[in-house]
Every structure is written in C-alpha cells, then in structure tokens.
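Each chain gets a letter, A, B and so on, in the order its sequence line appears, and its residues count up from 1.
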Protein chains: 2
Amino acid sequence: MLKFTTKAEYSLRAMAILAKNYKKTAVSLAKIAREEKISKVYLEQLFSKLKKNHLVTANKGVNGGYILLRSPENVSAADIIEATEGSLEPFYCVSPKGNCCAKKGCLTRKMWIKVHQGIKITLENTKLSDLIK
Amino acid sequence: MLKFTTKAEYSLRAMAILAKNYKKTAVSLAKIAREEKISKVYLEQLFSKLKKNHLVTANKGVNGGYILLRSPENVSAADIIEATEGSLEPFYCVSPKGNCCAKKGCLTRKMWIKVHQGIKITLENTKLSDLIK
DNA sequence: TAAAAACCTAGTAAAATACTAGGTTTTAGT
DNA sequence: ACTAAAACCTAGTATTTTACTAGGTTTTTA
Ligand code: FES
Ligand code: FES
C-alpha cells in the first residue's frame, strides 16, 4: 500500500547512530540491535547491502563494527533507502529502460515518473546530518 | 518496497474507461474485465470502495453499469488511489493524529511528511481528463 | 587463545496482496 | 411474468513479500 518497510526505518536509525560516531568509533551491530531493539541478524542483512553500496565499511574482530564511508553531510536518505529497500520506484514500470507497456501509449507512466522524481528529490535533500541534529 | 499495487493500476485504468464514456453510457464491470483482462470480482471489490468514496454511482440490471459522479476534470488520481489503496501515506507514522514515536523527537517523521506531501500533490494534479487525452 | 565482531545461507512465520467460489438482489427488455 | 445481465456481498485461499531465526564460518584484537 505504498509504504516504506522496516528496512528503510531500521537502516535510517542505524545509520544515524553511525553518523553520531563519525570520526570517533566503529559501532557494532550488537550495540545497535540492543539500543534500537532490532534483530541483529536482520541488521546484518541490511548492512550487507549498505556495504555493497559503498555507504559503510566494516572492521572485524573485537572492538570492530561499522563506520560511515562518507561524512553525514554527504549521505542522503535516498542513498540509504535505495540500498536497503532496493529502489524508490513507486511502480514496476518506472525503469530507465522503459520496458513494460510504455510503447502502447500507457496512461499512467508519466504520472509514476513524476511521483518517483518527487520522492527521489525529497529523500536526496535529506542528509544524515539533517536527521541527527 | 514502496510500490503502488494493482489496486491503483486497475482502478485508474477502469476509471479511465468510465471517463471516456462520461455523459454517454454506463459501463459494466464485465466489459471492463474483458477489455482490460482483470478479474471481474476483484474489480467489484475495488468499485465498492470507489462507490463508498462517492466517485462513481451504479445502475443495476440489464444495460446497467458504473458512471462517474464528477466530470473527468474533477477527479484526480489521488481521489482514486486513496479510495482503493487506502491511503497515500508512505509510512505508518504519517497520520493527522501524529501518534507513534512523534513525541520523543523522532528522526524521520518530518521526512515522511514531506514525501507524503510530494506524492499527494503530484497525484492531485493529475486528473482523469489528463490520463485519457 | 578466547571473545567479539563481521559475514553467510537457508529456512520459516507472519502479513499483505490478489485473487476465487458461490452466492443474493435488482432491473430492463421480451 | 420470466430471464438475462448487471450490481452487490462474504468468506475462503493461493501467492508473494516481509521480517525474522537458526546455525553456522571467518577474522581480529586484547
Ligand atoms: S505501466 Fe509501464 S509504461 Fe505503463
Ligand atoms: S516514526 Fe512516527 S513519529 Fe517517528
């Protein structure tokens, strides 16, 4: 029903914690899981995606944890949500390739694209630094 | 994953057909189901909501069917999608009452509200008449 | 060398979505 | 009056997605 899932919520909250510790310490998922009351293994799955998208890096071992790769001013909510939710496209048809029914004068395609742009712009303009201040 | 469902797609396509027949004839769901290859009973469920939201009216019996209550210029995609999908709110917290974690200085609430406004404005500015021309 | 961290995969429970089955009620045309 | 075609209604179900668990391994530092 056009809802962001917990993936967006959890990853934003977790990334906000990393932002608060930027240039200080790495933060372990065990700590985040405890503080935010989120399943640690579920967080691992989200952070695997955040890492693949070059938003964070990780240190293994004792006192290890995750670290932001960019400063909180340079990480947007769009970056995070796209990484964990998969995409911001509000309908299956809104892809750069323009597959689906586009050829046959689709009624709604233009509208989905506008909605997509709106969501994207709002989330791109919200940075991690905005969330934590 | 922040997607509109088939409810939005089907109801927009069906309402576009009613718009094309505005001031002409009532259109039966059997016809729409045939033309658009959508389950008739599923359409019935969607139209029950559209009717409750005063977007259409119905004639029973032979030659009956559904009719737009307002002109295509005065029915927006937001009207239709809100009726069938339930709401346009992109996160559970974005309600007029502002329940959930709002009190404790929530990080993301402001952002969800902006996203919601953006979606709403785009869909309100798209009328049925825009879709069929 | 032990504890604590990341990292990995497959399975599963719960919820939402997209239907179907099987009716009844109403109405217009014959 | 009868019949076909329409709306209208409810409960059930199949499919898909989401959210999470189980049960590990690998790596690193104290
Ligand atoms: S739904 Fe994809 S182009 Fe129309
Ligand atoms: S998620 Fe609802 S106010 Fe923060």
Side-chain angles (χ1 to χ4, degrees), chain A residues 1-14 17-18 21 25-53 55-69 81 84-87 89-92, chain B residues 1-14 17-18 21 25-53 55-69 81 84-87 89-92:
Chain A
M1 207 218 268
L2 194 77
K3 290 274 185 286
F4 287 104
T5 68
T6 57
K7 285 173 195 161
E9 192 199 346
Y10 292 172
S11 55
L12 285 169
R13 275 157 58 190
I17 293 177
L18 295 204
N21 288 280
T25 54
V27 186
S28 74
L29 296 188
K31 199 183 172 205
I32 296 175
R34 220 180 308 118
E35 284 182 7
E36 298 287 328
K37 276 151 196 143
I38 300 171
S39 148
K40 193 196 127 212
V41 184
Y42 196 41
L43 275 175
E44 285 178 350
Q45 290 164 12
L46 299 179
F47 271 80
S48 150
K49 290 176 185 170
L50 293 168
K51 200 184 173 191
K52 269 185 196 137
N53 283 270
L55 298 175
V56 296
T57 188
N59 292 338
K60 281 189 178 185
V62 178
N63 295 330
Y66 285 91
I67 300 167
L68 284 190
L69 269 177
I81 297 175
T84 55
E85 291 261 15
S87 95
E89 293 158 4
F91 200 70
Y92 296 96
Chain B
M1 208 218 266
L2 194 74
K3 291 273 185 286
F4 288 104
T5 67
T6 58
K7 284 172 197 162
E9 192 200 347
Y10 292 173
S11 55
L12 284 169
R13 275 159 57 191
I17 293 178
L18 295 204
N21 289 279
T25 54
V27 185
S28 74
L29 295 188
K31 199 182 171 206
I32 297 174
R34 221 182 306 119
E35 283 182 8
E36 297 289 327
K37 274 150 197 146
I38 299 170
S39 148
K40 192 195 129 211
V41 184
Y42 197 41
L43 275 175
E44 284 178 353
Q45 290 163 12
L46 300 179
F47 271 81
S48 149
K49 289 176 185 172
L50 293 169
K51 199 183 173 193
K52 267 184 199 139
N53 282 271
L55 297 175
V56 297
T57 188
N59 293 338
K60 281 190 178 183
V62 178
N63 297 328
Y66 284 91
I67 300 168
L68 285 189
L69 268 177
I81 296 175
T84 55
E85 290 262 14
S87 97
E89 292 158 5
F91 200 70
Y92 297 96

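- Proximity of Phe47(B) to Leu18(B): side-chain heavy atoms (C-beta onward) are separated by under 4.5 Å at one or more points.
- In this structure, the CD atom of Gln45(B) is 10 Å from the P atom of dC19(C), given to the nearest Å.
- No side-chain heavy atom of Leu2(A) sits under 4.5 Å from any side-chain heavy atom of Glu85(B).
- Rounded to whole Å, atom P of dC20(D) lies 9 Å from atom CD1 of Ile38(A).
- Note: NZ (Lys37(B)) to P (dC19(C)) measures 15 Å, nearest angstrom.
- Rounded to whole Å, the distance from CZ on Phe4(B) to C1' on dA18(C) is 18 Å.
- Distance NZ (Lys49(A)) to P (dC7(C)): 15 Å, rounded to an integer number of Å.
- No contact: Phe47(B) has no heavy atom under 4.0 Å from any strand.
- An OP1 or OP2 oxygen of dC7(C) is reached within less than 4.0 angstrom by a side-chain nitrogen or oxygen of Tyr66(A).
- The line from CG of Leu29(A) to NZ of Lys31(A) is 12.0 Å long, rounded to the nearest 0.5 Å.
- Between Lys3(A) and Ser87(B) the shortest side-chain heavy-atom distance falls below 4.5 Å.
- Across the protein-nucleic acid pair, Arg13(B) atom CZ and dA18(C) atom P stand 13 Å apart, rounded to whole Å.
- In this structure, of dC8(C), dA19(D), dG22(C), it is dG22(C) that holds the atom nearest to the side chain of Val41(B).
- Between the CD1 atom of Ile67(A) and the P atom of dA6(C) there is a distance of 11 Å, given to the nearest Å.
- Within the 4.5 Å cutoff, no side-chain heavy atoms of Val56(A) are placed close to those of Leu69(A).
- Within the nucleic acid shown, Tyr10(A) comes within 4.0 Å of sugar-phosphate atoms alone, with no base atom in reach, counting heavy atoms only.
- Between Glu36(A) and Leu43(A), every side-chain heavy-atom pair lies at or beyond the 4.5 Å cut-off.
- Taking CZ of Arg13(B) as the reference point, atom OG1 of Thr6(B) lies at 9.5 Å (rounded to 0.5 Å).
- Close to dA18(C), at under 4.0 Å from its OP1 or OP2, lies a side-chain N or O of Thr5(B).
- The OG1 atom of Thr5(B) sits 8.5 Å away from atom OH of Tyr92(A), with the distance rounded to the nearest 0.5 Å.
- Residue Ala58(B) has its side chain nearest to dA7(D) when only dT9(C), dA7(D), dT10(D) are considered.
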Problem - Under 4.0 Å protein heavy-atom contact, by nucleotide of nucleotides 24-30 of chain D - B base, S sugar-phosphate only - result: --BBBBS
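- Note: NZ (Lys3(A)) to C1' (dA15(C)) measures 14 Å, nearest angstrom.
- For the pair Ser39(B) and dT20(C), the criterion of a side-chain N or O lying under 4.0 Å from OP1 or OP2 is met.
- At dA19(D), one or more side-chain N or O atoms of Thr6(A) fall inside 4.0 Å of OP1 or OP2 (strictly under the cut-off).
- The side chain of Ser28(A) sits closest to dA5(C) out of dA6(D), dA5(C), dT10(D).
- Checking the phosphate oxygens (OP1, OP2) of dA19(D), a side-chain nitrogen or oxygen of Tyr42(A) falls inside 4.0 Å.
- If you find the closest nucleotide of DNA chain D to Leu29(B) and to Leu2(B), the one lying nearer the 5' end belongs to Leu29(B).
- Scanning atom types as modelled, no donor and acceptor separated by under 3.5 angstrom connect the side chain of Glu85(B) and the base of dT17(C).
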